[in-house]
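Read the structure below first, then the notes.
Counting from 1, the numbers follow the sequence of the chain as shown. What you see below is based on every heavy atom in this structure, not just the backbone, and it leaves out hydrogens, waters and symmetry mates.
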Amino acid sequence: MWLSSEFNRMAEQTLKVYEPEEAFFSTLIYGPAGVGKSTLLLKCYKRLKNKKPILYIDAQDFVKNYAFAAQEGTLSRFRLRLRTPTLLILDHIEMLKGKTHSIEEFYHTYEALFQGNSRIICGFRGEPSQLEFLGDKLSSRLLGGLAVPIFQPTPEDRLNYLRLMAYRKFLIVEDLVLELMAEEVANFPEAQSLMNGFIEFANRSDSALDRDALSFYLQERRHKEKLRPSPQNIVQKAAELTGIAAEDIYGTTRTSEVRQARQLAIYVMRSLSRLSYPEIGTFLNKSHSSIMKSYQQFQEGIKKSPELKEKLESLLKYFNSREDVN
(Lines give C-alpha, C1' and ligand atoms only; values in the text may rest on other atoms or scores of the structure.)
Protein backbone atom coordinates (compact mmCIF):
# COMPACT_ATOMS: atom_id res chain seq x y z
CA MET A 1 0.00 0.00 0.00
CA TRP A 2 1.36 3.38 -1.01
CA LEU A 3 0.54 6.86 0.25
CA SER A 4 1.86 9.84 -1.67
CA SER A 5 2.57 12.97 0.36
CA GLU A 6 5.04 15.82 0.71
CA PHE A 7 7.64 13.69 2.49
CA ASN A 8 8.11 11.32 -0.48
CA ARG A 9 6.78 13.28 -3.46
CA MET A 10 10.14 14.47 -4.75
CA ALA A 11 11.55 10.94 -4.98
CA GLU A 12 8.25 9.57 -6.28
CA GLN A 13 8.12 12.07 -9.14
CA THR A 14 11.81 11.58 -9.95
CA LEU A 15 11.43 7.82 -10.40
CA LYS A 16 7.97 7.98 -11.96
CA VAL A 17 9.34 9.77 -15.03
CA TYR A 18 12.88 8.33 -14.88
CA GLU A 19 14.36 7.49 -18.28
CA PRO A 20 18.03 6.37 -18.38
CA GLU A 21 18.82 8.30 -21.58
CA GLU A 22 17.76 11.60 -20.00
CA ALA A 23 18.94 11.01 -16.43
CA PHE A 24 22.05 11.95 -14.49
CA PHE A 25 24.63 9.18 -14.55
CA SER A 26 23.95 8.39 -10.88
CA THR A 27 20.82 8.93 -8.80
CA LEU A 28 20.81 8.46 -5.04
CA ILE A 29 17.49 7.92 -3.23
CA TYR A 30 18.13 8.29 0.50
CA GLY A 31 16.29 8.59 3.79
CA PRO A 32 15.47 6.79 7.06
CA ALA A 33 14.22 3.22 7.32
CA GLY A 34 10.66 2.38 6.45
CA VAL A 35 9.79 5.33 4.22
CA GLY A 36 9.38 3.49 0.90
CA LYS A 37 12.76 3.77 -0.85
CA SER A 38 12.74 0.13 -1.96
CA THR A 39 9.11 0.32 -3.04
CA LEU A 40 9.89 3.22 -5.38
CA LEU A 41 13.00 1.55 -6.77
CA LEU A 42 11.06 -1.64 -7.51
CA LYS A 43 8.28 0.35 -9.18
CA CYS A 44 10.86 2.02 -11.38
CA TYR A 45 12.43 -1.33 -12.24
CA LYS A 46 9.09 -2.93 -13.14
CA ARG A 47 8.12 0.03 -15.32
CA LEU A 48 11.35 -0.07 -17.34
CA LYS A 49 12.41 -3.72 -17.34
CA ASN A 50 10.57 -4.67 -20.54
CA LYS A 51 11.95 -1.67 -22.42
CA LYS A 52 15.67 -1.80 -21.64
CA PRO A 53 18.34 -4.12 -20.16
CA ILE A 54 18.00 -3.34 -16.46
CA LEU A 55 19.28 -5.11 -13.35
CA TYR A 56 17.87 -4.64 -9.85
CA ILE A 57 19.96 -6.12 -7.03
CA ASP A 58 20.08 -5.72 -3.28
CA ALA A 59 23.52 -4.81 -1.90
CA GLN A 60 23.41 -7.84 0.39
CA ASP A 61 23.01 -10.06 -2.67
CA PHE A 62 25.77 -8.09 -4.38
CA VAL A 63 28.11 -8.99 -1.50
CA LYS A 64 27.10 -12.68 -1.48
CA ASN A 65 27.27 -13.08 -5.26
CA TYR A 66 30.62 -11.33 -5.45
CA ALA A 67 32.10 -13.55 -2.71
CA PHE A 68 30.74 -16.67 -4.42
CA ALA A 69 32.08 -15.60 -7.81
CA ALA A 70 35.51 -14.87 -6.31
CA GLN A 71 35.54 -18.30 -4.66
CA GLU A 72 34.34 -20.17 -7.74
CA GLY A 73 36.50 -18.29 -10.22
CA THR A 74 33.51 -16.83 -12.08
CA LEU A 75 34.18 -13.14 -11.53
CA SER A 76 34.15 -12.38 -15.25
CA ARG A 77 30.57 -13.66 -15.50
CA PHE A 78 29.56 -11.72 -12.37
CA ARG A 79 31.11 -8.52 -13.74
CA LEU A 80 29.51 -8.95 -17.16
CA ARG A 81 26.11 -9.22 -15.50
CA LEU A 82 26.63 -6.11 -13.34
CA ARG A 83 28.45 -3.86 -15.78
CA THR A 84 26.53 -4.26 -19.05
CA PRO A 85 22.91 -3.24 -18.31
CA THR A 86 21.60 0.12 -19.45
CA LEU A 87 20.60 0.73 -15.85
CA LEU A 88 21.79 -0.84 -12.60
CA ILE A 89 19.59 -0.35 -9.52
CA LEU A 90 21.50 -1.19 -6.34
CA ASP A 91 19.37 -1.01 -3.22
CA HIS A 92 20.40 -0.87 0.47
CA ILE A 93 23.98 0.21 -0.19
CA GLU A 94 24.38 0.65 3.59
CA MET A 95 24.84 -3.15 3.63
CA LEU A 96 28.25 -2.65 2.02
CA LYS A 97 29.61 -1.05 5.20
CA GLY A 98 32.68 -2.90 6.44
CA LYS A 99 32.85 -5.04 3.27
CA THR A 100 36.14 -3.68 1.91
CA HIS A 101 36.44 -5.97 -1.12
CA SER A 102 32.78 -5.55 -2.07
CA ILE A 103 33.12 -1.76 -1.89
CA GLU A 104 36.15 -1.92 -4.17
CA GLU A 105 34.21 -4.12 -6.59
CA PHE A 106 31.30 -1.67 -6.48
CA TYR A 107 33.69 1.18 -7.26
CA HIS A 108 34.98 -0.61 -10.37
CA THR A 109 31.39 -1.48 -11.35
CA TYR A 110 30.49 2.19 -11.03
CA GLU A 111 33.43 3.22 -13.23
CA ALA A 112 32.62 0.57 -15.85
CA LEU A 113 29.01 1.71 -16.06
CA PHE A 114 30.17 5.31 -16.44
CA GLN A 115 32.57 4.39 -19.24
CA GLY A 116 29.80 2.41 -20.94
CA ASN A 117 27.38 5.36 -20.79
CA SER A 118 24.99 3.36 -18.60
CA ARG A 119 23.14 4.67 -15.53
CA ILE A 120 22.95 3.71 -11.87
CA ILE A 121 20.37 4.30 -9.14
CA CYS A 122 21.24 3.58 -5.50
CA GLY A 123 18.99 3.30 -2.48
CA PHE A 124 20.53 4.27 0.85
CA ARG A 125 19.17 4.17 4.40
CA GLY A 126 20.79 7.21 5.93
CA GLU A 127 21.97 10.73 5.18
CA PRO A 128 24.50 11.66 2.46
CA SER A 129 27.04 12.57 5.16
CA GLN A 130 27.00 8.93 6.26
CA LEU A 131 28.35 7.61 2.96
CA GLU A 132 31.99 7.99 4.04
CA PHE A 133 32.25 4.20 4.52
CA LEU A 134 32.38 3.90 0.72
CA GLY A 135 35.61 5.90 0.58
CA ASP A 136 36.17 9.43 -0.67
CA LYS A 137 36.18 8.67 -4.39
CA LEU A 138 33.01 6.59 -4.51
CA SER A 139 31.00 8.66 -2.04
CA SER A 140 31.90 11.91 -3.84
CA ARG A 141 30.86 10.38 -7.17
CA LEU A 142 27.49 9.33 -5.80
CA LEU A 143 26.93 12.76 -4.26
CA GLY A 144 28.02 14.41 -7.50
CA GLY A 145 24.96 13.02 -9.26
CA LEU A 146 21.31 13.56 -8.37
CA ALA A 147 20.59 13.00 -4.66
CA VAL A 148 16.90 12.87 -3.75
CA PRO A 149 15.67 12.60 -0.15
CA ILE A 150 12.64 10.88 1.32
CA PHE A 151 11.83 12.33 4.71
CA GLN A 152 10.18 10.84 7.78
CA PRO A 153 6.37 10.88 7.38
CA THR A 154 4.61 13.45 9.56
CA PRO A 155 2.01 12.45 12.19
CA GLU A 156 -0.67 13.49 9.69
CA ASP A 157 0.88 11.23 7.04
CA ARG A 158 0.89 8.31 9.46
CA LEU A 159 -2.71 8.99 10.41
CA ASN A 160 -3.77 9.12 6.76
CA TYR A 161 -1.97 5.84 6.12
CA LEU A 162 -3.84 4.19 9.01
CA ARG A 163 -7.13 5.62 7.72
CA LEU A 164 -6.38 4.13 4.30
CA MET A 165 -5.58 0.76 5.87
CA ALA A 166 -8.82 0.77 7.85
CA TYR A 167 -10.79 1.70 4.72
CA ARG A 168 -9.23 -1.06 2.64
CA LYS A 169 -9.82 -3.65 5.36
CA PHE A 170 -13.46 -2.53 5.80
CA LEU A 171 -12.85 -1.75 9.48
CA ILE A 172 -14.94 0.44 11.75
CA VAL A 173 -12.42 2.39 13.81
CA GLU A 174 -12.89 5.76 15.50
CA ASP A 175 -10.54 8.46 14.28
CA LEU A 176 -9.37 9.03 17.87
CA VAL A 177 -8.12 5.43 17.98
CA LEU A 178 -6.26 5.93 14.71
CA GLU A 179 -4.75 9.15 16.05
CA LEU A 180 -3.45 7.31 19.12
CA MET A 181 -1.99 4.61 16.87
CA ALA A 182 -0.29 7.23 14.68
CA GLU A 183 1.49 8.58 17.76
CA GLU A 184 2.95 5.12 18.47
CA VAL A 185 4.75 4.65 15.16
CA ALA A 186 7.48 6.39 13.18
CA ASN A 187 6.83 5.07 9.67
CA PHE A 188 4.43 3.07 7.52
CA PRO A 189 5.82 -0.45 8.15
CA GLU A 190 5.45 0.19 11.88
CA ALA A 191 1.91 1.49 11.30
CA GLN A 192 1.05 -1.63 9.31
CA SER A 193 2.50 -3.88 12.00
CA LEU A 194 0.58 -2.05 14.72
CA MET A 195 -2.72 -2.20 12.85
CA ASN A 196 -2.36 -5.90 12.03
CA GLY A 197 -1.38 -6.71 15.61
CA PHE A 198 -4.30 -4.72 16.98
CA ILE A 199 -6.74 -6.54 14.68
CA GLU A 200 -5.33 -9.91 15.77
CA PHE A 201 -5.58 -8.88 19.46
CA ALA A 202 -9.20 -7.74 19.04
CA ASN A 203 -10.14 -11.01 17.35
CA ARG A 204 -8.37 -13.02 20.03
CA SER A 205 -9.99 -11.12 22.91
CA ASP A 206 -13.35 -10.70 21.14
CA SER A 207 -13.07 -6.92 21.51
CA ALA A 208 -14.13 -3.98 19.42
CA LEU A 209 -11.43 -1.87 17.82
CA ASP A 210 -11.94 0.84 20.39
CA ARG A 211 -9.78 2.94 22.72
CA ASP A 212 -9.93 0.48 25.65
CA ALA A 213 -8.89 -2.44 23.48
CA LEU A 214 -6.03 -0.41 22.03
CA SER A 215 -4.83 0.48 25.53
CA PHE A 216 -4.72 -3.19 26.54
CA TYR A 217 -3.03 -4.15 23.28
CA LEU A 218 -0.35 -1.48 23.64
CA GLN A 219 0.43 -2.70 27.17
CA GLU A 220 0.86 -6.25 25.84
CA ARG A 221 2.89 -5.02 22.88
CA ARG A 222 5.26 -2.98 25.08
CA HIS A 223 5.79 -5.93 27.40
CA LYS A 224 6.67 -8.16 24.46
CA GLU A 225 8.92 -5.44 23.05
CA LYS A 226 11.00 -5.48 26.24
CA LEU A 227 11.63 -9.20 25.70
CA ARG A 228 12.61 -8.79 22.06
CA PRO A 229 16.37 -9.20 21.58
CA SER A 230 16.85 -5.82 19.91
CA PRO A 231 20.26 -4.14 20.28
CA GLN A 232 18.74 -1.51 22.59
CA ASN A 233 17.12 -4.12 24.84
CA ILE A 234 20.28 -6.20 24.96
CA VAL A 235 22.40 -3.22 26.03
CA GLN A 236 19.84 -2.25 28.68
CA LYS A 237 19.65 -5.75 30.16
CA ALA A 238 23.43 -6.21 30.01
CA ALA A 239 23.74 -2.95 31.96
CA GLU A 240 21.33 -4.20 34.63
CA LEU A 241 23.11 -7.56 34.98
CA THR A 242 26.56 -6.05 35.29
CA GLY A 243 25.68 -2.94 37.29
CA ILE A 244 27.16 -0.73 34.57
CA ALA A 245 25.26 2.27 33.20
CA ALA A 246 23.96 1.76 29.67
CA GLU A 247 25.51 5.11 28.72
CA ASP A 248 28.95 3.70 29.57
CA ILE A 249 28.39 0.68 27.31
CA TYR A 250 27.58 3.05 24.45
CA GLY A 251 30.44 5.35 25.42
CA THR A 252 34.24 5.20 25.22
CA THR A 253 35.07 4.21 28.81
CA ARG A 254 37.60 1.36 28.79
CA THR A 255 37.70 0.13 32.41
CA SER A 256 37.66 -3.65 32.71
CA GLU A 257 34.12 -3.64 34.14
CA VAL A 258 32.70 -1.49 31.33
CA ARG A 259 34.63 -3.38 28.69
CA GLN A 260 33.27 -6.69 30.00
CA ALA A 261 29.67 -5.37 29.98
CA ARG A 262 30.15 -4.08 26.43
CA GLN A 263 31.59 -7.41 25.30
CA LEU A 264 28.64 -9.23 26.87
CA ALA A 265 26.21 -7.03 24.92
CA ILE A 266 28.15 -7.51 21.68
CA TYR A 267 28.27 -11.28 22.10
CA VAL A 268 24.51 -11.52 22.69
CA MET A 269 23.76 -9.22 19.76
CA ARG A 270 25.68 -11.57 17.50
CA SER A 271 24.03 -14.62 19.05
CA LEU A 272 20.42 -13.45 19.13
CA SER A 273 19.98 -10.51 16.78
CA ARG A 274 22.21 -12.05 14.09
CA LEU A 275 23.69 -8.65 13.36
CA SER A 276 26.95 -8.39 11.44
CA TYR A 277 30.05 -6.88 13.03
CA PRO A 278 29.67 -3.67 10.95
CA GLU A 279 25.99 -3.37 11.97
CA ILE A 280 26.88 -3.73 15.66
CA GLY A 281 29.71 -1.26 15.12
CA THR A 282 27.30 1.27 13.66
CA PHE A 283 24.93 0.82 16.60
CA LEU A 284 27.68 1.24 19.22
CA ASN A 285 29.69 3.76 17.20
CA LYS A 286 32.72 1.45 17.04
CA SER A 287 34.74 0.05 14.15
CA HIS A 288 33.76 -3.42 12.94
CA SER A 289 37.29 -4.68 13.76
CA SER A 290 36.97 -3.60 17.41
CA ILE A 291 33.55 -5.30 17.58
CA MET A 292 35.04 -8.50 16.19
CA LYS A 293 37.89 -8.34 18.70
CA SER A 294 35.45 -7.79 21.59
CA TYR A 295 33.38 -10.78 20.49
CA GLN A 296 36.44 -13.03 20.34
CA GLN A 297 37.72 -11.82 23.72
CA PHE A 298 34.38 -12.53 25.37
CA GLN A 299 34.27 -15.96 23.73
CA GLU A 300 37.60 -16.74 25.39
CA GLY A 301 36.51 -15.11 28.65
CA ILE A 302 33.49 -17.36 29.25
CA LYS A 303 35.75 -20.39 29.01
CA LYS A 304 37.77 -19.15 31.97
CA SER A 305 35.19 -17.33 34.09
CA PRO A 306 32.13 -19.17 35.51
CA GLU A 307 30.77 -15.82 36.69
CA LEU A 308 30.93 -14.38 33.19
CA LYS A 309 29.32 -17.49 31.76
CA GLU A 310 26.52 -17.23 34.33
CA LYS A 311 25.79 -13.63 33.28
CA LEU A 312 25.64 -14.74 29.66
CA GLU A 313 23.23 -17.56 30.51
CA SER A 314 21.04 -15.14 32.49
CA LEU A 315 20.89 -12.71 29.59
CA LEU A 316 20.04 -15.43 27.09
CA LYS A 317 17.37 -16.81 29.40
CA TYR A 318 15.79 -13.38 29.81
CA PHE A 319 15.23 -13.18 26.07
CA ASN A 320 13.77 -16.72 26.03
CA SER A 321 16.71 -17.91 23.97
CA ARG A 322 17.54 -21.52 23.23
CA GLU A 323 21.08 -20.66 22.35
CA ASP A 324 23.58 -23.10 23.77
CA VAL A 325 26.56 -21.73 25.67
CA ASN A 326 29.67 -23.68 24.80
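Note: Phe188 and Tyr161 have parallel aromatic rings, judged against thresholds of 30 and 60 degrees for the angle between ring planes. A tilted orientation is assigned to the rings of Tyr267 and Phe298, their planes being inclined by 30° to 60°. Between Phe124 and Phe133, the ring planes are tilted. Angles from 30° to 60° get that label.
Comment: Lys304 does not engage Glu300 in a salt bridge, judged by the lack of any side-chain N to carboxylate O separation of less than 4.0 angstrom. Of the charged side-chain nitrogens involved, at least one lies within less than 4.0 Å of a carboxylate oxygen, so that Lys52 and Glu19 count as a salt-bridged pair. One finds a salt bridge joining Arg83 and Glu105 here, because a Lys/Arg side-chain nitrogen approaches an Asp/Glu carboxylate oxygen to under 4.0 Å. The pair Lys317-Glu313 fails the salt-bridge criterion, with no side-chain N (NZ, NE, NH1 or NH2) lying under 4.0 Å from an Asp/Glu carboxylate O. Under a 4.0 Å N-O distance rule, the pair Lys97/Glu94 does not qualify as a salt bridge.
Side-chain contact of Ser215 with Asp212: a donor-acceptor pair under 3.5 Å is absent, judged by distance alone. In this model, no donor atom of one side chain and acceptor atom of the other lie less than 3.5 Å apart for Glu132 and Ser139. A donor-acceptor contact closer than 3.5 angstrom links the side chains of Ser205 and Ser207. Under 3.5 Å, the side chains of Asp91 and Tyr56 contain a donor-acceptor pair of N or O atoms. For the residue pair Ser193/Glu190, the side-chain donor-acceptor check at 3.5 Å is not satisfied.
Counting only distance, with no hydrogens or angles, the side chain of Asp61 and the backbone of Ile57 share no donor-acceptor pair below 3.5 Å. One N or O on the side chain of Asn233 and one on the backbone of Arg228 form a donor-acceptor pair closer than 3.5 Å.
Considering only residues two or more places apart in sequence or on other chains, Asn8 meets the side-chain hydrogen bond (donor to acceptor under 3.5 Å, both in side chains) condition with none of them. Checked against salt bridge (Lys or Arg N to Asp or Glu O under 4.0 Å), Glu307 has the following partners two or more places apart in sequence or in another chain: Lys311. Legend: residues meeting side-chain hydrogen bond (donor to acceptor under 3.5 Å, both in side chains) with Arg158, ordered by chain and number and at least two apart, are absent. Contacts of Arg81 classified as side-chain hydrogen bond (donor to acceptor under 3.5 Å, both in side chains), with partners at least two apart in sequence or in another chain: none. The side-chain hydrogen bond (donor to acceptor under 3.5 Å, both in side chains) test applied to Glu184 returns Arg222, not counting sequence neighbours. The salt bridge (Lys or Arg N to Asp or Glu O under 4.0 Å) search around Glu156 returns Arg163, not counting sequence neighbours.
One hydrophobic cluster, built from ILVMFWY side chains closer than 4.5 Å, cannot hold both Leu48 and Val17; they sit in different ones.
Ala186 and Pro153 get closest at one heavy-atom pair: O-CG, 3.7 Å. Residues Pro189 and Gly34 come closest through the heavy atom pair CD-O, 3.0 Å.
Using a 4.5 Å heavy-atom cutoff, the side chains of Ile93 and Leu134 are in contact. Counting heavy atoms from C-beta outward, Ile120 and Leu87 have side chains that stay 4.5 Å or more apart. With contacts defined as side-chain heavy-atom distances shorter than 4.5 Å, the pair Phe106/Tyr66 does not qualify. The closest side-chain heavy-atom distance from Thr39 to Trp2 is below 4.5 Å. With a 4.5 Å cut-off on side-chain heavy atoms, Leu28 and Leu146 do not count as touching. In this structure the side chain of Tyr295 never reaches within 4.5 angstrom of the side chain of Gln263, judged on heavy atoms.
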For a side chain to side chain contact (heavy atoms under 4.5 Å, CB included) check, start with the C-alpha distance between Ile234 and Ser273, then their side-chain angles and the critical distance, and finish with the verdict.
CA-CA 9 Å; Ile234 289 170; Ser273 299; 3.6 Å; yes
Please lay out, stage by stage, how Glu279 and Ser276 fare under the test side-chain hydrogen bond (donor to acceptor under 3.5 Å, both in side chains).
CA-CA 5 Å; Glu279 288 170 330; Ser276 66; 3.2 Å; yes
Could you go through Leu40 and Ile150, starting from their C-alpha distance and side-chain angles, then the distance that decides it, and tell me whether this counts as side chain to side chain contact (heavy atoms under 4.5 Å, CB included)?
CA-CA 11 Å; Leu40 287 178; Ile150 303 182; 3.7 Å; yes
Starting from the C-alpha separation in whole Å, work towards a yes-or-no answer on side chain to side chain contact (heavy atoms under 4.5 Å, CB included) for Asp210 and Glu174.
CA-CA 7 Å; Asp210 57 21; Glu174 291 182 14; 5.5 Å; no
Step by step, would you call Arg119 with Asn117 a side chain to side chain contact (heavy atoms under 4.5 Å, CB included)?
CA-CA 7 Å; Arg119 299 293 185 269; Asn117 199 31; 3.3 Å; yes
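Residues Tyr30 and Phe151 place their aromatic rings such that the two centres sit no closer than 6.0 Å. Separation of the Phe283 and Tyr250 ring centroids falls under the 6.0 Å cut-off. Taking the centre of each ring, Phe24 and Tyr18 stay at or above the 6.0 Å mark.
Enclosure of atom CZ in Arg254 is not indicated, since only 12 or fewer non-hydrogen atoms of other residues, nucleotides or ligands lie within 6.0 angstrom. Within 6.0 Å of NZ on Lys43 lie more than 12 heavy atoms contributed by other residues, nucleotides or ligands. Atom CZ of Arg47 is surrounded by more than 12 heavy atoms from other residues, nucleotides or ligands within 6.0 Å.
Between Ile121 atom CD1 and Ser26 atom OG the span is 10.0 Å, to the nearest 0.5 Å.
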